[in-house]
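Just so it is clear, the values below take in all heavy atoms, side chains as well, and ignore hydrogens, waters and symmetry mates.
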Number of protein chains: 2
Amino acid sequence: MPTTETLDRELTEHLRRRGQRVTPQRLVLHRVLRERDRHVTAEEAMRALDRELPNVSLPTVYANLELFEELGIVRRVAMEGGPALFDSRTEQHDHVACRRCGRVEDIEASVDDVRALRAARAAGYEPERTDVVVVGLCSDCRA
Amino acid sequence: MPTTETLDRELTEHLRRRGQRVTPQRLVLHRVLRERDRHVTAEEAMRALDRELPNVSLPTVYANLELFEELGIVRRVAMEGGPALFDSRTEQHDHVACRRCGRVEDIEASVDDVRALRAARAAGYEPERTDVVVVGLCSDCRA
DNA sequence: CTGGATGCAAACTCTTTGCATGCAT
DNA sequence: ATGCATGCAAAGAGTTTGCATCCAG
């Protein structure tokens, strides 16, 4: 785990490069995301923020998660029904989701998406990524 | 394309088998879905219904799309942000989605999900299906 | 100083729920 | 006749927008 100073410096560089301001809200949100290193909802992120920097608003959290997505710091993982999840693991990996309780976990599916990408181009699209989600029931929900 | 009579008979059998009622709303919704044979939102389905059977309510459309999903007649395709899409093609196939305008189209990705399913089981899940979505920009949105 | 960033409240979209009425069985 | 299905209205969840204030540059 990088130190707080390292995390803050990383974000500061990212922001300066785009001419955007370095605010305490952004620095702390960034730390929260990187320290947890798992899927969080906007609301969970806000609660975690609150311990270090009270009164941060949900719209600010959403705005900065969107900004971080543009910066490549998080990936938004849209989930059926429930709230959106934000994932600080940005490298290619896949997910398994429980259709009953909405739990989501990482899996290493090692899916070969070459044909999928080719089919997407043939349909006139410029592909950017391939989302693979195995949907099923988690151990708790099967019981 | 099957005739109206065939479509109606198919649905009637499905419903009777589960002890559920055969209503005009269900018959017409079923026809609309099968005739269009593409992704429709609940709202689009309602508008299409309206031409043949006015004053069908959106809650009824949702309730019956959910029922049809249990019957295996449609598959709900959750899409980032926008409204849910309901797909009358229920056999395995994949999608490409435009991240800007939300357009969704079928592709034949022929993805091998064996490792994904194994990884899902290893994580304690009972997999039911694998959703593969190539995300990118459609030809219109690139311009 | 100056304009982008924030907090608050309110709007918005999509979907589900409650309840009285209606109709398939 | 019975009770599931419907239509309407309203609630609910999640996210976005408007706007006055604030603070990073």
Side-chain angles (χ1 to χ4, degrees), chain A residues 8-9 11-30 39-47 49-50 52-71 74 76-86 99-102 104, chain B residues 8-9 11-30 39-47 49-50 52-71 74 76-86 99-102 104:
Chain A
D8 286 3
R9 192 169 48 247
L11 181 62
T12 300
E13 281 167 19
H14 260 122
L15 291 170
R16 291 224 197 286
R17 208 172 299 137
R18 305 217 342 176
Q20 307 207 251
R21 294 185 179 171
V22 180
T23 66
Q25 289 86 345
R26 287 174 178 173
L27 289 170
V28 181
L29 176 60
H30 179 238
H39 316 107
V40 290
T41 65
E43 188 124 9
E44 285 166 355
M46 189 183 64
R47 279 203 298 276
L49 269 177
D50 209 63
E52 242 187 284
L53 189 70
N55 300 320
V56 173
S57 68
L58 209 40
T60 296
V61 172
Y62 275 107
N64 287 322
L65 286 170
E66 189 183 337
L67 171 62
F68 287 2
E69 193 176 18
E70 286 165 26
L71 298 178
V74 292
R76 189 178 189 142
V77 184
M79 273 307 138
E80 168 89 34
L85 298 176
F86 297 85
R99 72 164 155 78
R100 192 158 164 281
C101 71
V104 175
Chain B
D8 285 3
R9 192 170 49 246
L11 181 62
T12 300
E13 281 167 19
H14 261 121
L15 290 170
R16 292 225 196 285
R17 209 172 300 138
R18 303 216 343 174
Q20 308 208 251
R21 294 186 179 170
V22 180
T23 66
Q25 288 87 343
R26 287 175 179 171
L27 290 170
V28 181
L29 176 60
H30 179 239
H39 314 107
V40 291
T41 64
E43 188 124 8
E44 285 166 356
M46 189 182 65
R47 279 202 299 276
L49 268 179
D50 209 61
E52 240 186 286
L53 189 69
N55 301 321
V56 174
S57 69
L58 209 40
T60 297
V61 172
Y62 275 107
N64 287 322
L65 286 170
E66 188 185 337
L67 171 63
F68 287 3
E69 193 176 19
E70 285 165 27
L71 298 179
V74 292
R76 188 179 191 140
V77 184
M79 273 307 139
E80 170 87 34
L85 298 175
F86 296 85
R99 72 165 155 78
R100 193 160 162 282
C101 69
V104 175

In this structure, how many angstroms lie between the [atom2] atom of [N] and the [atom1] atom of [X], rounded?
{"X": "A:Arg18", "N": "D:dA24", "atom1": "CZ", "atom2": "P", "result": "20 Å"}
{"X": "B:Arg47", "N": "C:dC14", "atom1": "CZ", "atom2": "P", "result": "11 Å"}
{"X": "B:Met46", "N": "C:dC14", "atom1": "CE", "atom2": "P", "result": "12 Å"}
{"X": "B:Glu43", "N": "C:dT13", "atom1": "CD", "atom2": "P", "result": "10 Å"}
{"X": "B:Leu58", "N": "D:dT6", "atom1": "CG", "atom2": "P", "result": "13 Å"}
{"X": "B:Glu70", "N": "D:dA5", "atom1": "CD", "atom2": "P", "result": "11 Å"}
{"X": "A:Leu65", "N": "D:dG14", "atom1": "CG", "atom2": "P", "result": "15 Å"}
{"X": "A:Leu85", "N": "D:dG14", "atom1": "CG", "atom2": "P", "result": "11 Å"}

- Message: Closest-nucleotide mapping onto DNA chain C: is B:Arg76 or B:Val22 further toward the 5' terminus? I mean the 5' end.
- Response: B:Arg76

Looking at [atom1] of [X] and [atom2] of [Y], how far apart are the two atoms once the value is rounded to the nearest 0.5 Å?
{"X": "A:Leu49", "Y": "A:Leu27", "atom1": "CG", "atom2": "CG", "answer": "11.0 Å"}
{"X": "B:Glu70", "Y": "B:Arg18", "atom1": "CD", "atom2": "CZ", "answer": "5.0 Å"}
{"X": "B:Gln20", "Y": "B:Leu67", "atom1": "CD", "atom2": "CG", "answer": "5.0 Å"}
{"X": "B:Arg47", "Y": "B:Leu58", "atom1": "CZ", "atom2": "CG", "answer": "10.0 Å"}

- Message: Looking at A:Arg21, is its backbone amide N or carbonyl O close enough to the side chain of A:Arg26 to form a donor-acceptor pair, meaning the two atoms are under 3.5 Å apart?
- Response: yes

- Item | Heavy-atom closest contact (A:Ala45 atom, A:Leu29 atom, distance) | CB-CD1, 4.0 Å

- Look at all strands and tell whether A:Ala84 reaches a base, only sugar-phosphate, or nothing, counting heavy atoms closer than 4.0 Å. sugar-phosphate

- Does B:Arg16 place a side-chain N or O at less than 4.0 Å from the phosphate oxygens OP1/OP2 of C:dA24? no

- Task: Treat primed atoms plus P, OP1 and OP2 as sugar-phosphate and everything else as base, then score nucleotides 3-10 of chain C 5' to 3': B for base contact with protein heavy atoms under 4.0 Å, S for sugar-phosphate contact only, - for none.
- Result: BBSSBBB-

- Message: With side chain to side chain contact (heavy atoms under 4.5 Å, CB included) as the criterion, how do B:Leu85 and B:Thr41 come out once you've worked through the C-alpha distance, each side chain's angles and the decisive distance to 0.1 Å?
- Response: CA-CA 5 Å; B:Leu85 298 175; B:Thr41 64; 3.5 Å; yes

